[in-house]
Amino acid sequence: MTPIDQKDFTDYLADALRQNGMLSFADNASLLDSLYALTQRMLEVNEYMNLTTIKQPRDIIMRHYVDSLTVAAHIPTGASVLDIGCGAGFPCLPLALARPDLHITAIDSTEKKVRYVSETASLLGISPDTLTAISLRAEEGGSVGGQLREKFNIVVSRAVAHLSILGELALPCLKVGGTLIALKGAKAAEEMQDARGLTVLGAAAARLIPTPLTAPDTGKVDHHALVMIEKCEKTPKIYPRKYAQIVKKPL
Ligand code: SAM
């Protein structure tokens with residue numbers, strides 16, 4: 001693994017956060033150092049485990065860290081948060097480092113990724129009260145009697161499924177009054193059109209928040225958006241359906 005210069009890394013990270021309106025994070029030296037440590041750890045483990053195809057430090061900063069942290073401004077202090085399909089820890093690990101006031105549960109159906117996220121959180125000094133990772137399928141945890149059912153203020157999720165599928169995984173896990181925040185790319189508006197059937201789960205109409213991400217050195221802009229869906233009523237007990245059904249006949 002090519003060594004990464006810590007000062008170059010943290011300077012670029014601070015510029016990227018500042019450029020994208022995250023001023024308090026840019027001034028948080030301990031957050032910058034922790035994200036440097038996370039990068040080293042992720043790239044080391046990535047030598048023998050498939051965690052990320054993004055390997056250049058500046059790309060990791062923009063596409064994993066700044067991208068993950070776009071949700072932070074939309075989460076109230078002390079909220080309970082579920083990250084569905086956390087994979088290598090996005091957005092949950094940067095979010096836990098930036099917002100230690102949160103109580104994040106990260107789930108993934110792949111056990112070894114969950115083990116990596118748990119061990120990494122512990123190495124980075126993240127308290128289990130801030131982040132706990134569990135190997136679990138969202139539709140199992142969110143079913144009636146499941147450990148995730150109607151337990152969370154916020155659900156976040158990135159790169160897991162089309163919004164119409166993600167909605168059925170996420171909405172049963174939210175308390176009434178809670179919000180799904182889906183991190184999406186250029187097709188966010190199109191996905192919202194296709195996901196209007198989510199209202200049967202107790203969802204209000206989806207809102208689109210464009211959050212274009214600008215690289216501080218090149219000025220290149222990546223299309224990125226948050227789709228916010230509030231839960232205004234309890235989810236009927238028949239949802240979520242079995243995963244094969246959800247995928248075969250999305251709402
Ligand atoms: N969120 C991470 C990111 O943005 O880098 C990982 C994205 S990865 C493409 C999708 C992850 O979702 C995989 O790790 C997969 O195991 C997990 N996943 C897919 N369906 C799931 C489900 N129904 N419940 C829990 N995890 C799921």
Side-chain angles (χ1 to χ4, degrees), residues 35 38-39 41-43 45-46 49-56 59-72 81-98 104-121 131-143 146-149 151-152 154-174 180-188 191 198 201 211 213 222-227 235 239-251:
L35 288 171
L38 172 58
T39 308
R41 156 92 177 151
M42 179 170 71
L43 291 177
V45 176
N46 204 43
M49 185 175 159
N50 194 5
L51 291 174
T52 181
T53 53
I54 303 170
K55 294 179 185 160
Q56 292 306 317
D59 294 338
I60 291 174
I61 287 171
M62 288 307 302
R63 291 166 64 189
H64 281 322
Y65 302 156
V66 180
D67 186 304
S68 290
L69 290 173
T70 52
V71 297
V81 179
L82 175 67
D83 181 0
I84 293 183
C86 64
F90 302 109
C92 64
L93 283 171
L95 190 58
L97 290 167
I104 307 171
T105 301
I107 62 164
D108 200 284
S109 49
T110 307
E111 179 141 17
K112 64 180 180 183
K113 289 189 183 166
V114 169
R115 209 174 313 123
Y116 161 82
V117 170
S118 254
E119 287 170 6
T120 303
L131 175 61
T132 305
I134 309 174
S135 168
L136 184 63
R137 293 198 65 88
E139 67 278 14
E140 288 170 9
S143 62
Q147 67 191 102
L148 309 176
R149 180 86 180 182
K151 291 279 192 306
F152 296 90
I154 301 284
V155 175
V156 293
S157 187
R158 186 181 86 155
V160 172
H162 187 285
L163 191 62
S164 54
I165 295 170
L166 178 64
E168 189 165 346
L169 301 179
L171 283 149
C173 302
L174 283 169
L180 164 62
I181 310 178
L183 294 86
K184 291 288 179 185
K187 293 196 171 154
E191 287 195 32
L198 293 177
L201 301 173
T211 45
L213 299 177
D222 264 349
H223 290 289
H224 179 273
L226 300 176
V227 177
T235 302
Y239 300 109
R241 296 165 294 164
K242 298 267 178 240
Y243 193 71
Q245 272 297 112
I246 298 176
V247 174
K248 194 171 163 203
K249 275 196 159 205
L251 292 169

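Counting convention: from 1, in listed order, for ligands and their atoms alike. Side chains are part of it too, since the values below use all heavy atoms of this structure and drop only hydrogens, waters and symmetry mates.
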Query raised in the report: Is there a side-chain contact between Ile60 and Leu43, using heavy atoms and a 4.5 Å cut-off?
Result: yes

Without placing hydrogens or testing angles, list every side-chain donor-acceptor pair under 3.5 Å for residues 181-188, not counting sequence neighbours.
{"unit_1": "Lys184", "atom_1": "NZ", "unit_2": "Ala161", "atom_2": "O", "d": "2.7"}
{"unit_1": "Lys184", "atom_1": "NZ", "unit_2": "Glu191", "atom_2": "OE1", "d": "2.9"}

Query - Glu111, CD: over 12 other non-hydrogen atoms inside 6.0 angstrom - result: no

Query raised in the report: When Cys92 is tested against each of Val81, Leu97, Val117 for side-chain contact (heavy atoms from CB on, under 4.5 Å), which residue passes?
Result: Val117

I'd like a table of the close N/O pairs between ligand 1 and the protein (anything under 3.5 Å), one pair per line with both atom names and the distance.
{"unit_1": "ligand 1", "atom_1": "1 (N)", "unit_2": "Gly85", "atom_2": "O", "d": "2.8"}
{"unit_1": "ligand 1", "atom_1": "1 (N)", "unit_2": "Phe90", "atom_2": "O", "d": "2.8"}
{"unit_1": "ligand 1", "atom_1": "1 (N)", "unit_2": "Arg158", "atom_2": "O", "d": "2.9"}
{"unit_1": "ligand 1", "atom_1": "4 (O)", "unit_2": "Arg158", "atom_2": "O", "d": "3.3"}
{"unit_1": "ligand 1", "atom_1": "4 (O)", "unit_2": "Arg158", "atom_2": "NE", "d": "2.6"}
{"unit_1": "ligand 1", "atom_1": "4 (O)", "unit_2": "Arg158", "atom_2": "NH2", "d": "3.2"}
{"unit_1": "ligand 1", "atom_1": "5 (O)", "unit_2": "Arg158", "atom_2": "NH2", "d": "3.1"}
{"unit_1": "ligand 1", "atom_1": "14 (O)", "unit_2": "Asp108", "atom_2": "OD1", "d": "3.2"}
{"unit_1": "ligand 1", "atom_1": "14 (O)", "unit_2": "Asp108", "atom_2": "OD2", "d": "2.7"}
{"unit_1": "ligand 1", "atom_1": "14 (O)", "unit_2": "Lys113", "atom_2": "NZ", "d": "3.3"}
{"unit_1": "ligand 1", "atom_1": "16 (O)", "unit_2": "Asp108", "atom_2": "OD1", "d": "2.6"}
{"unit_1": "ligand 1", "atom_1": "16 (O)", "unit_2": "Ser109", "atom_2": "OG", "d": "3.2"}
{"unit_1": "ligand 1", "atom_1": "16 (O)", "unit_2": "Thr110", "atom_2": "OG1", "d": "3.2"}
{"unit_1": "ligand 1", "atom_1": "23 (N)", "unit_2": "Arg137", "atom_2": "NH2", "d": "3.2"}
{"unit_1": "ligand 1", "atom_1": "23 (N)", "unit_2": "Glu139", "atom_2": "OE1", "d": "2.9"}
{"unit_1": "ligand 1", "atom_1": "24 (N)", "unit_2": "Ala138", "atom_2": "N", "d": "3.0"}
{"unit_1": "ligand 1", "atom_1": "26 (N)", "unit_2": "Ser109", "atom_2": "N", "d": "3.2"}

Report summary line: With sequence neighbours left out, the residues meeting side chain to side chain contact (heavy atoms under 4.5 Å, CB included) with Ser157 are Ile84, Val160, Leu166

Query - Pairing residues for Phe90 by the ring pair (Phe, Tyr, Trp, His ring centres under 6.0 Å) criterion, not counting sequence neighbours - result: His64

